[in-house]
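These notes are about the structure you will find just below.
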Amino acid sequence: MSAPATDLPLPARALAIGAHPDDVEFGCGATLAKWAAGGVAVMLLVLTDGSKGTWDVDADLAELVATRHREQLEAGATLGLAAVEFLDRPDGELGSGLAERALVCEAIRRLRPEVVLGHDPWKRYRLHPDHRHAGWLTLDGVIAARDHHYFPELLLPAHRPDRILLFEAQEVDHLEPVGRHLDTKIRALLCHRSQWPSTMRIDAGAPDREVQLEGFVGRVRGEAEEAGRAAGIGPAEGFKLLDKV
């Protein structure tokens, strides 16, 4: 296998599509921060409402949705995103049918990104159905957006992105060096405090909270350093690049 390509030319506009609040930060947050700092208009579309993102059986789920919206907006501001939008499909119940595809197509035609980023739906043994469906919706939405006869009722001109970058990729063939923007990714991830106990293994009330925080930060740094090590480029985020869109 040939060495991964690195460093796309900066697009004018990019759209990242994630299944849940915090998914995009994990998958490509440092790349988005780098691009935003470089003047790219980076937009985020979150497909679900995050309403099942807690281990607390007594949680007020309406309040959890509101919390996850606030956290995502704070994380988006930390990354320097130009816009954050929510489709608010119920968490755990995302489908990839025509109705959902039309919504993603609408966002792509309206926002007109040159690069679209999303989950790799071909990732082997991916458990969470929302991640699988989010990946298919990203790809199917791009195809629908580029071809005029899909969803004419949207009354929006067709739009063909130049490239797709799939994060959490089964087969990485593109790396984005992220350097100092890894710190921004970590700050954005930590905005999602409702996810500290489950996703990040941080108990905010524990006596060893600082040790747990350091452990989480170390894991994120370690993954980025491992991604870039073989190419000798320092910390990086890895993707599958699709450039025949």
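All values below were derived from every heavy atom in this structure, side-chain atoms included, with hydrogens, water molecules and symmetry-related copies excluded. In this chain, numbering begins with 1 at the start of the sequence shown.
- Within 6.0 Å of the CZ atom in Arg219, the count of heavy atoms belonging to other residues, nucleotides or ligands exceeds 12.
- Among residues at least two apart or in separate chains, side-chain hydrogen bond (donor to acceptor under 3.5 Å, both in side chains) pairs with a member in residues 39-59 are Asp49-Ser51, Lys52-Glu93.
- Here side-chain hydrogen bond (donor to acceptor under 3.5 Å, both in side chains) pairs that include residues 143-155, with residues two or more places apart or in two chains, number zero.
- Residues Leu44 and Leu111 do not share a hydrophobic cluster, defined by chaining ILVMFWY side chains whose heavy atoms lie under 4.5 Å apart.
- Minimum interatomic distance between Gly97 and Glu100 (heavy atoms only, all atoms of both residues): N-OE1, 3.0 Å.
- For the pair Leu45 and Ala107, the tightest heavy-atom approach, listed with the atom from each and the gap, is CD2-CB, 3.9 Å.
- Listed by chain and number, the residues in a salt bridge (charged side-chain N to carboxylate O under 4.0 Å, His left out) with Glu74 amount to none (sequence neighbours excluded).
- Within the structure, the ring-ring contact (aromatic ring centres under 6.0 Å, His included) test picks out the following pairs touching residues 8-27 (sequence neighbours left out): His20-His128, His20-His131.
- Annotation: side chain to side chain contact (heavy atoms under 4.5 Å, CB included) contacts of Gln170 (sequence neighbours excluded): Asp120, Lys123, Arg124.
- With sequence neighbours excluded, the residues forming a salt bridge (charged side-chain N to carboxylate O under 4.0 Å, His left out) with Glu237 are Lys185, listed by chain and number.
- When each of Leu79, Ile186, Leu32, Thr78 is tested with Glu25 by the rule side-chain contact (heavy atoms from CB on, under 4.5 Å), just one qualifies, namely Leu79.
- Glu106 pairs by the salt bridge (charged side-chain N to carboxylate O under 4.0 Å, His left out) definition with Arg110, not counting sequence neighbours.
- The side chain to side chain contact (heavy atoms under 4.5 Å, CB included) search around Thr67 returns Glu63, Arg70, Glu71, Ser194, not counting sequence neighbours.
- Test Val220, Leu175, Leu182, Asp183 against Pro235 for side-chain contact (heavy atoms from CB on, under 4.5 Å) and you get one pass: Leu182.
- By the salt bridge (charged side-chain N to carboxylate O under 4.0 Å, His left out) test, Asp88 pairs with no residue at all, sequence neighbours left out.
- Contact detail for Asp91 and Gly53: the closest heavy-atom pair is OD2-N, 3.6 Å.
- Screening residues 161-190 for ring-ring contact (aromatic ring centres under 6.0 Å, His included) gives His119-Phe167 as the qualifying pairs, with residues at least two apart or on separate chains.
- A donor-acceptor pair under 3.5 Å links the side-chain atoms of Arg132 to the main chain of Arg126, judged by distance alone.
- Lys240 and Asp173 are joined by a salt bridge, as a carboxylate oxygen and a charged side-chain nitrogen come within less than 4.0 angstrom of each other.
- Listed by first then second residue, pairs satisfying ring-ring contact (aromatic ring centres under 6.0 Å, His included) with a partner in residues 64-84 read His69-Phe86, not counting sequence neighbours.
- Sequence neighbours left out, not one pair with a member in residues 190-245 passes ring-ring contact (aromatic ring centres under 6.0 Å, His included).
- Panel note: side chain Arg89, backbone Leu47; no donor-acceptor pair is recorded below 3.5 Å.
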